[in-house]
There are 2 protein chains.
Amino acid sequence: MATPKMLDSTCSIARSLGVLGERWTFLILRDALSGSTRFAQFKDSLGIAPDVLTARLATLVEYGVMTREPYQEPGSRPRDAYHLTDAGRELKLVIGALQQWGDRHVPHENGPTIERRVRDSDRPAHVGFVDESGREVGTEDVAFLRTAAYPA
Amino acid sequence: MATPKMLDSTCSIARSLGVLGERWTFLILRDALSGSTRFAQFKDSLGIAPDVLTARLATLVEYGVMTREPYQEPGSRPRDAYHLTDAGRELKLVIGALQQWGDRHVPHENGPTIERRVRDSDRPAHVGFVDESGREVGTEDVAFLRTAAYPA
DNA sequence: GGTGCTAAGTTGGAAAAACCAACTCAGACT
DNA sequence: AGTCTGAGTTGGTTTTTCCAACTTAGCACC
């Protein structure tokens, strides 16, 4: 139920995790980013208990990460489909960063099963820090600094 | 206990979450990235139950995200300090991506309390997709593609 | 050399969340 | 009328988490 304590935090990481930090949520988003839209798709792909899936989809919809829309395939009764919103699609970066970290630091013997590539050029892409001019900056060259809004 | 089912997955995201996906872990890492090293620092800052903190630190150490080292301040008894490894420091990218998403999509009325800046120039930085040449690419232009290792 | 202090835990019991199997419900199709 | 399927709900068990109290080890002071 998207731990409300965290949603009020002044820390953006805690607030993100208030929405996304429960078990299964990131895996649901991974599936959604790769095209899953239906309850049964998530359930079968993940092996998640249906009551938990119901709860997770509800919080994702509640916080604007996904929408729930009725749709009807011809010759089928109306169903509900879950689609990522713009906010949800922006999580591609978070998912990509997790994927990249897992590739490197929790490797599987067969190597990566998914790679990130630029659509047109087909060249490899990765997640990194970028400055205003769109140039990559090394991780060590980025500092997390307190703003004026930082509490005392 | 770092759900072993996920650690064997061929999906790198699932493997990452097998190590990092339990409650509190990302917040522990956030604190670690901002300089916390001691048990009590994490406990007091997060309000986490001590038994859960013990368990989380143990899995982070087990999977090479942090190290546990005895150290001694003069005039104090020897204690254990927890430090991020290189693998742990690379999670800055994941944490940064979560932070950025929270800033934008789960905003707090006071605005962000932390911002990402390039160390020398002091200019803002963000997390993004980058191609081989170090140039940022839009999220829409990045595809997640299956490799030969993708299971049937 | 006993008492108190503090950091880093451990332990035991209560509460919350996740898991699992079985069941419901509604429309389409036969 | 009966069957199938997707999308859930329900009830009971197991696993995690939470919380408060307890332990342990070394230092400092008297």
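Side chains included, hydrogens not; waters and symmetry mates left out as well; all remaining heavy atoms used. Every chain is numbered from 1 and lettered A, B, ... according to where its sequence line falls, protein lines coming before strand lines.
- When side chains are defined from C-beta on, A:Arg146 counts as touching B:Ile114, because their heavy atoms get closer than 4.5 Å.
- Here A:Thr54 does not reach the OP1 or OP2 of D:dA7: none of its side-chain N or O atoms lies under 4.0 Å away.
- When each of D:dG8, D:dG6, D:dT17 is scored by its nearest atom to the side-chain atoms of A:Arg79, the top-ranked nucleotide is D:dG6.
- Between the side chain of A:Ser12 and the main chain of B:Gly102, no donor-acceptor pair closer than 3.5 Å is present.
- Contact record, B:Ser133 with A:Arg135: O-NH1, 3.4 Å, taken as the closest heavy-atom pair.
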Return the polar atom pairs (N/O with N/O) between nucleotides 27-29 of chain D and the protein under 3.5 Å, or none.
residue: D:dC27; atom: O3'; partner: B:Gly75; partner atom: O; Å: 3.4

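- The A:Trp24 side chain lies nearest to C:dA18 when the options are C:dA18, D:dG8, D:dT17.
- For A:Arg68 and D:dG6, the CZ to C1' distance is 12 Å, given to the nearest whole Å.
- Side-chain contact between A:Arg38 and A:Tyr82 is absent, with no heavy-atom pair separated by less than 4.5 Å.
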Legend entry - salt bridge (Lys or Arg N to Asp or Glu O under 4.0 Å) evaluation trace for A:Asp131 with B:Arg123: CA-CA 7 Å; A:Asp131 68 16; B:Arg123 292 177 165 280; over 6 Å; no
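- Note: CD (B:Glu22) to P (D:dC18) measures 12 Å, nearest angstrom.
- Not one N or O on the side chain of A:Arg117 forms a donor-acceptor pair closer than 3.5 Å with the backbone of B:Ala143.
- DNA chain D is contacted by both A:Asp80 and A:Lys5; A:Asp80 maps to the nucleotide lying nearer its 5′ end (nearest heavy atom per residue).
- A 4.5 Å side-chain heavy-atom check between A:Val52 and A:Arg23 finds every atom pair outside the cut-off.
- Following rounding to the nearest Å, A:Ile28 (CD1) and C:dA18 (C1') show an atom-to-atom distance of 13 Å.
- For the OP1/OP2 pair of D:dG6 and a distance below 4.0 Å, the side-chain nitrogens and oxygens of A:Tyr82 include no atom meeting the criterion.
- Looking only at distances, no side-chain donor or acceptor of B:Ser36 sits under 3.5 Å from a matching main-chain atom of B:Gln41.
- Contacts of residues 34-52 of chain B with DNA chain C (heavy atom under 4.0 Å): B:Arg38, B:Phe39, B:Ala40, B:Pro50, B:Asp51.
- OP1 or OP2 of C:dA16 has not a single side-chain nitrogen or oxygen of A:Arg23 nearer than 4.0 Å.
- Atom CD of B:Glu69 is separated from atom P of C:dA8 by 14 Å (rounded to the nearest Å).
- The nearest whole Å value for the distance from the CG atom in A:Leu57 to the C1' atom in D:dG8 is 11 Å.
- Legend: residues meeting ring-ring contact (aromatic ring centres under 6.0 Å, His included) with A:His105, ordered by chain and number and at least two apart, are A:Trp101.
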